[in-house]
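Quick note: residue numbers are just sequence positions, from 1. Keep in mind the model is a prediction, meaning the values are calculated, not measured. Numbering of ligands and ligand atoms starts at 1, following listing order.
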Amino acid sequence: MQALRLKSGEPMPRLGLGTWKSRPGEVYDAVREAIRVGYRHIDCAHAYGNEAEVGQALAEAMASGVKREELWITSKLWNNAHHPEDVQPALAGTLRNLRLDYLDLYLMHWPVAVRGQAHFPPGVDEFIGPKELPFTATWKAMEDCVNAGLARHIGGSNFSARKLQTLLEEGRIAPAMDQVELHPYLQQTALIDFCRRHGIHVTAYSPLGSADRPAVLKADAEPLLLEDPAIAAIAKCCDASPAQVLIAWALERDTAVIPKSVNRGRIRENFEAGALRLTDSDLKEIGRLDRHRRYLDGAIWAPPGSGYSLEWLWDE
Ligand code: NDP
Ligand code: 1BO
């Protein structure tokens, strides 16, 4: 298994299993199968509503011989627990659900705060604006989680280079990771370069185009990444599937990548992409597909009147 080396010296397996939208009733099997196949990195979040079942699968995998220190478990602080006094209790809840003593990585899911009982998507009145509750205040409480031994590393998710820079300047602990949407239609080369210069690693989410996400997060007539003709042609040439080409591309860029699947065959297929090597000409061809297309455009976190805007969110 290829690994990233974090500043702390710890290795993080680069290929992980995503669990967003993996329903209770299916995520247990997905995690057990993934660990059986060889995955050692599972990407979780409180907001996915399935951490208790992931925890059951992790506990049973460890009871049957997998060591805790072989696993890399990431989870994320949800937007409704950004008040500093809510951060450690939120992490404690995640650890209880996952049946763990510590996380390898705890991420701030979005740099956007909402009230405790906010709906999804939140109403305009349910936001707490960035002046009232800056993400830097939340970050300080996440740093305390590291000091308390509850998280080995902390980082951002959906953080722009500018926001990472703010954390670097104002924080005591530098972010170890930024987890962002990354695939051939949204290559984010400048963000990756920034992260590389500052020793921050990058994890690619929605690497297959997230076709199963809820309708409220979809646009009309979206391009389907898994059906892109250039990706299909490369897949045909290397006797691989389009998904494998997309995962291999993320690995070629030295990012971590966390494709989600609840299907046993596809979980294995995605893992086997770790052995696929793309040629320079494949990489050039894929490089030409960039169209700065966000499948998760963040619009639900920036309605007019919320105190947030898309310009603020992405700093672009
Ligand atoms: P992905 O891009 O991983 O796509 C998932 C979809 O692809 C599902 O419909 C899945 O179906 C299908 N799929 C999986 N493998 C294959 C394959 N080999 N061939 C064809 N179809 C396949 O979407 P996600 O948005 O789920 O992103 C991955 C993970 O990233 C998430 O699960 C989550 O852990 C994380 N994430 C983090 C975010 C953040 O804000 N930090 C935002 C979004 C995602 P099936 O399950 O039936 O196989
Ligand atoms: C708003 C969706 C977040 C998935 O990680």
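For the 3.5 Å distance criterion, the side chains of Trp72 and Thr74 qualify, holding a donor opposite an acceptor. In this model, no donor atom of one side chain and acceptor atom of the other lie less than 3.5 Å apart for Ser75 and His46.
In this structure, Arg291 forms a cation-pi arrangement with Tyr185, its terminal cationic atom sitting closer than 6.0 Å to the ring centre and no more than 45° off the ring axis.
The residues Glu70 and Arg40 are annotated as salt-bridged, a charged nitrogen and a carboxylate oxygen being separated by less than 4.0 angstrom. Using a cutoff of 4.0 Å between basic side-chain nitrogens and carboxylate oxygens, Arg96 and Asp101 are not scored as salt-bridged. The pair Lys140-Glu143 fails the salt-bridge criterion, with no side-chain N (NZ, NE, NH1 or NH2) lying under 4.0 Å from an Asp/Glu carboxylate O. Ion pairing between a basic and an acidic side chain is recognised when a charged N comes within 4.0 Å of a carboxylate O; Glu51 and Arg99 show no such pairing. Look at Lys163 and Asp178 and you find no salt bridge, because none of the NZ, NE, NH1 or NH2 atoms lies under 4.0 Å from a carboxylate O. Taking a cutoff of 4.0 Å between a charged side-chain nitrogen and a carboxylate oxygen, Arg36 and Glu33 qualify as a salt bridge. A salt bridge does not link Asp212 with Lys218: every distance from a Lys NZ or Arg NE/NH1/NH2 to an Asp or Glu carboxylate oxygen is 4.0 Å or more.
When hydrogens are left out, the protein atom nearest atom 1 (P) of ligand 1 is Ser210 N, 3.8 Å; that is the closest non-hydrogen contact. Considering only non-hydrogen protein atoms, atom 2 (O) of ligand 1 sits nearest to Leu208 N, 2.7 Å. For atom 38 (C) of ligand 1, the nearest non-hydrogen atom of the protein is Tyr205 CD2, 3.3 Å. In this structure, atom 37 (C) of ligand 1 lies nearest to the protein heavy atom Gln179 OE1, 3.1 Å. Closest protein heavy atom to atom 31 (C) of ligand 1: Trp20 CB, 3.6 Å. Of all protein heavy atoms, the one lying nearest to atom 2 (C) of ligand 2 is Trp20 CZ2, 3.6 Å. At the top of the distance list for atom 15 (N) of ligand 1, counting protein heavy atoms only, stands Asn270 ND2, 3.0 Å. Scanning the protein for heavy atoms near atom 19 (N) of ligand 1, the closest one is Arg266 CD, 3.6 Å. Nearest protein heavy-atom contact of atom 34 (O) of ligand 1 is Asp43 OD2, 2.6 Å.
Within the 4.5 Å cutoff, side-chain heavy atoms of Ile128 are placed close to those of Arg115.
For ligand 1 and His109, the ligand atoms under 4.0 Å from any heavy atom of the residue are 39 (C), 40 (O), 41 (N). Interface of Leu226 with ligand 1, defined as ligand atoms under 4.0 Å from a residue heavy atom, comprises 20 (C), 21 (N). In summary, the atoms of ligand 1 found under 4.0 Å from a heavy atom of Pro259, numbered by their order in the structure, are 3 (O). Distances below 4.0 Å separate heavy atoms of Thr19 from the following atoms of ligand 1: 32 (O), 34 (O). Less than 4.0 angstrom separates some heavy atom of Leu296 from each of these atoms of ligand 1: 42 (C), 43 (C). Listed by number with element, the atoms of ligand 1 under 4.0 angstrom from any heavy atom of Ile258 are 28 (C), 29 (C), 30 (O), 35 (C). Close contacts between ligand 1 and Ala243 involve ligand atoms 17 (C), 18 (N), 19 (N) [criterion: under 4.0 Å to a heavy atom].
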- Item | Stepwise side chain to side chain donor-acceptor pair (under 3.5 Å) check, Ser206 with Glu181 | CA-CA 6 Å; Ser206 302; Glu181 183 178 338; 5.3 Å; no
- Task: Kindly indicate, with the supporting measurements, whether the criterion side chain to side chain donor-acceptor pair (under 3.5 Å) is fulfilled by Asn97 and Thr94.
- Result: CA-CA 5 Å; Asn97 281 333; Thr94 270; 5.6 Å; no
- Message: What verdict does the side chain to side chain donor-acceptor pair (under 3.5 Å) test give for Asn50 and Tyr28, after you've listed the backbone C-alpha separation in whole Å, the side-chain angles of each residue and the deciding distance to 0.1 Å?
- Response: CA-CA 9 Å; Asn50 57 12; Tyr28 168 84; over 6 Å; no
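Within the set Lys76, Lys260, Glu26, Arg213, the minimum heavy-atom distance to atom 14 (C) of ligand 1 is found for Lys260.
A heavy-atom separation below 4.0 Å is not found between Tyr295 and ligand 1. Not a single heavy atom of Ser241 sits under 4.0 Å from any atom of ligand 1.
Contact annotation for His109 and ligand 2: only side-chain heavy atoms (C-beta onward) come within less than 4.0 Å of the ligand. Contacts of Pro242 with ligand 1, taken as heavy-atom pairs under 4.0 Å, are absent altogether. Proximity of Lys21 to ligand 1, defined as any heavy-atom pair under 4.0 Å, is confined to the side chain (atoms from C-beta onward). Only the side chain of Tyr48 comes within contact range of ligand 2, with a heavy atom under 4.0 Å; no backbone atom does. The part of Asn158 lying near ligand 1 is the side chain, judged by heavy-atom distances below 4.0 Å.
The aromatic ring centroids of His109 and Tyr48 lie less than 6.0 Å from each other.
Considering backbone and side-chain atoms together, Val262 places an N or O closer than 3.5 Å to an N or O of ligand 1.
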